[in-house]
Number of protein chains: 2
Amino acid sequence: MTRVLVVDDEPQLLRALRINLRARDYEVDVAADGTTALRRAGSWHPDLVVLDLGLPDLEGIEVIHGLRGWTEIPIIVLSGRAGSHDKVEALEAGADDYVTKPFDIEELVARIRAVSRRTPATEPVASVRVGEHTIDLAAKTVSGGVHLTPTEWRLLDVLLRNPGKLVAQQQLLTTVWGPAYKSETHYLRQYMAQLRRKLEREPAHPRHLLTEPGMGYRYQP
Amino acid sequence: MTRVLVVDDEPQLLRALRINLRARDYEVDVAADGTTALRRAGSWHPDLVVLDLGLPDLEGIEVIHGLRGWTEIPIIVLSGRAGSHDKVEALEAGADDYVTKPFDIEELVARIRAVSRRTPATEPVASVRVGEHTIDLAAKTVSGGVHLTPTEWRLLDVLLRNPGKLVAQQQLLTTVWGPAYKSETHYLRQYMAQLRRKLEREPAHPRHLLTEPGMGYRYQP
DNA sequence: CGGCGGCGTATGGAATCCGTCAAGACGGGA
DNA sequence: TCCCGTCTTGACGGATTCCATACGCCGCCG
């Protein structure tokens with residue numbers, strides 16, 4: 001899910017944006033001044049920043065420079081100043097778009113979508129190791145010429161995205177096969193065995209795809 | 001050098017833009033109506049399009065759709081209409097930015113720079129090898145006198161730009177045929193077969209254009 | 001010692017998915 | 001208008017994957 005940080009000092013605008021963006025499945029966080037905006041961006045790692053230039057503490061340009069110092073995430077600038085000099089300055093500093101107040105919420109949302117279309121969501125999980133094998137969940141590849149079927153991928157996906165954590169049988173069954181298969185545990189046994197055959201060096205004594213009797217399974221990195 | 005196609009029916013604006021962009025080391029070509037714009041874009045392969053929506057022959061939206069049917073190059077829209085509905089429509093159709101007339105040339109240039117900053121050096125993949133053949137995605141040529149149709153190119157494009165990665169059926173269908181064709185998998189089978197007939201040494205035993213049953217296809221370099 | 005529950009393994013048939021051939025529909029250019 | 005290349009649509013055999021059942025093993029407990 002795309003994460004948007006909205007930086008503005010008008011509570012009214014913040015609220016409107018939060019509602020509209022959440023309704024479109026964006027994750028939203030807000031900041032009311034430049035200092036917290038920069039801090040927030042550093043800790044929360046948003047995928048996009050909507051930045052009002054008229055902030056109480058810092059010059060808007062300073063915030064742009066502060067962000068561009070370490071990240072390339074898209075920045076959409078809001079401003080009450082419509083002069084082309086202001087626009088050029090912000091865009092040259094690294095902003096991706098410049099919207100003049102007053103503006104329509106719908107327009108801003110459309111611009112957010114247009115800009116984030118250009119920056120593919122960063123893939124957090126690149127590749128994982130299971131014993132001898134390197135697994136790329138995005139590319140759906142396993143080293144060593146190993147080939148997995150769709151169901152095997154769905155199951156492995158859930159386990160690998162919860163490294164070290166126990167995943168309950170019911171959770172695996174519902175996410176891989178659907179809620180109707182909540183108690184069909186023999187599917188799990190079937191496919192866990194296949195995964196071990198393909199990935200573990202000694203399928204009979206697994207070192208990474210572990211069973212927790214009576215509860216579920218665990219991926220041990 | 002970045003190539004910009006400017007589409008507008010006002011000679012005065014065309015002239016101003018051409019001078020300003022050339023002074024900043026852009027290569028510029030112009031078109032005065034939608035039909036020639038589309039043809040020009042197909043033959044000249046610009047890196048960016050500046051598109052006036054008020055054209056004599058086609059609806060501006062039609063031109064955006066026509067471009068987005070086969071290319072992802074940035075589109076900056078110029079328009080005299082400032083209503084948010086027009087803006088949203090253009091942006092949703094695939095435009096990257098929307099500038100309302102009258103505007104300052106400096107601002108437009110700054111927006112062009114901001115947008116093209118986002119699109120990494122135009123053709124990261126210049127030429128690719130598939131078995132015996134050398135494929136140039138930019139020039140749309142295949143060695144050995146092989147000829148591909150537009151749909152075949154769009155499909156091959158997506159696969160070759162994700163070397164080694166699995167590309168899901170749904171992604172191929174939506175990017176090649178459009179979101180409405182999400183589940184029309186027989187198109188995929190049809191055109192994958194044609195690509196293999198034209199590119200693979202043994203179409204029945206493909207070595208580079210691989211099937212992942214139940215998931216999608218993969219280009220193996 | 002024997003039953004029992006949970007787990008791993010093997011295997012055949014069912015369902016799904018894919019490759020291929022073929023024919024009709026469409027559209028642009030001669 | 002006709003023709004040709006391209007895009008749609010349908011049908012069918014074969015391959016892959018999934019489903020379902022059966023069986024053996026092990027630890028636990030009565």
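Note that the structure is predicted; figures quoted are calculated from it, not measured.
- A/Gln169 comes within contact range of the sugar-phosphate backbone alone, with a heavy-atom separation under 4.0 Å but no base atom that close.
- The pair A/Lys140-A/Asp136 does not count as a salt bridge, with every side-chain nitrogen at least 4.0 angstrom from each carboxylate oxygen.
- Using a 4.0 Å cut-off on heavy atoms, the residues of residues 196-205 of chain B that approach DNA chain C are B/Arg196, B/Ala204, listed by number.
- Of all heavy-atom pairs between B/Arg207 and B/Gln220, the closest is O-CB, 4.0 Å.
- Using a cut-off of 4.0 Å between Lys/Arg side-chain N and Asp/Glu carboxylate O, B/Arg3 and B/Asp29 are scored as not salt-bridged.
- The separation between B/Leu195 atom CG and C/dG19 atom P is 12 Å, rounded to whole Å.
- Counting any heavy atom pair closer than 4.0 Å across all strands shown, A/Tyr181 reaches no nucleic acid atom.
- Under a 4.0 Å N-O distance rule, the pair B/Lys87/A/Asp97 does not qualify as a salt bridge.
- Heavy atoms from other residues, nucleotides or ligands lying under 6.0 Å from NE2 of B/His186 number more than 12.
- No side-chain donor-acceptor contact under 3.5 Å links B/Asp86 to the backbone of B/Ala82.
- Put simply, CD on B/Glu184 is 14 Å from P on C/dC18, counting in whole angstrom units.
- Listed by chain and residue number, B/Lys101 satisfy the salt bridge (Lys or Arg N to Asp or Glu O under 4.0 Å) test with B/Glu10 (two or more places apart in sequence, or in another chain).
- Between the CE atom of B/Met215 and the C1' atom of C/dC18 there is a distance of 14 Å, given to the nearest Å.
- Rounded to an integer number of Å, the gap from A/Gln170 CD to C/dG6 P is 15 Å.
- If you measure from atom CG of A/Leu173 to atom C1' of C/dC7, you get 14 Å, rounded to the nearest angstrom.
- Contact annotation: A/Tyr187 side-chain N/O to C/dG8 OP1/OP2 distance is not under 4.0 Å.
- At whole-Å resolution of the value, CG in A/Leu210 and C1' in C/dG6 are 17 Å apart.
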Step-by-step side chain to side chain donor-acceptor pair (under 3.5 Å) determination, A/Thr211 to A/Arg196: CA-CA 11 Å; A/Thr211 305; A/Arg196 285 179 182 147; 2.6 Å; yes
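- Rounded to an integer number of Å, the gap from B/Leu188 CG to D/dT8 C1' is 14 Å.
- A/His147 NE2: more than 12 foreign heavy atoms inside a 6.0 Å radius.
- An OP1 or OP2 oxygen of C/dG19 is reached within less than 4.0 angstrom by a side-chain nitrogen or oxygen of B/Thr211.
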Write out a two-atom table: protein N or O, nucleotide N or O from nucleotides 10-18 of chain D, distance below 3.5 Å.
from, atom 1, to, atom 2, distance (Å)
D/dC18, OP1, A/Thr151, N, 2.9
D/dC18, OP1, A/Thr151, OG1, 2.5
D/dC18, OP2, A/Thr149, OG1, 2.7
D/dC18, O5', A/Tyr191, OH, 3.4

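- Ion pairing of A/Arg201 with A/Glu132 is present here, as a side-chain N (NZ or NE/NH1/NH2) and a carboxylate O approach within less than 4.0 Å.
- In this structure, A/Asp47 and A/Pro74 approach most closely via the heavy-atom pair O-CD, 3.2 Å.
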Using the 3.5 Å cut-off, write out each protein N or O paired with an N or O of nucleotides 24-28 of chain D and the distance between them.
none

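- Proximity of the aromatic rings of A/Tyr191 and A/Trp153 is defined here by a centroid distance below 6.0 angstrom, and this criterion is not met.
- Looking only at atom types and distance, the side chain of B/Ser79 has a donor-acceptor partner in the side chain of B/Tyr98 under 3.5 Å away.
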Less than 3.5 Å apart, which donor and acceptor atoms pair up between the side chains of residues 15-24 of chain B and the rest of the protein, not counting sequence neighbours?
from, atom 1, to, atom 2, distance (Å)
B/Asn20, ND2, B/Ala16, O, 3.0
B/Arg22, NH2, B/Val28, O, 3.1
B/Arg24, NH1, B/Asn20, O, 3.1
B/Arg24, NH2, B/Glu106, OE1, 3.1
B/Arg24, NH2, B/Glu106, OE2, 3.4

Please produce a list of atom pairs where a protein N or O lies less than 3.5 Å from an N or O of nucleotides 27-29 of chain C.
none

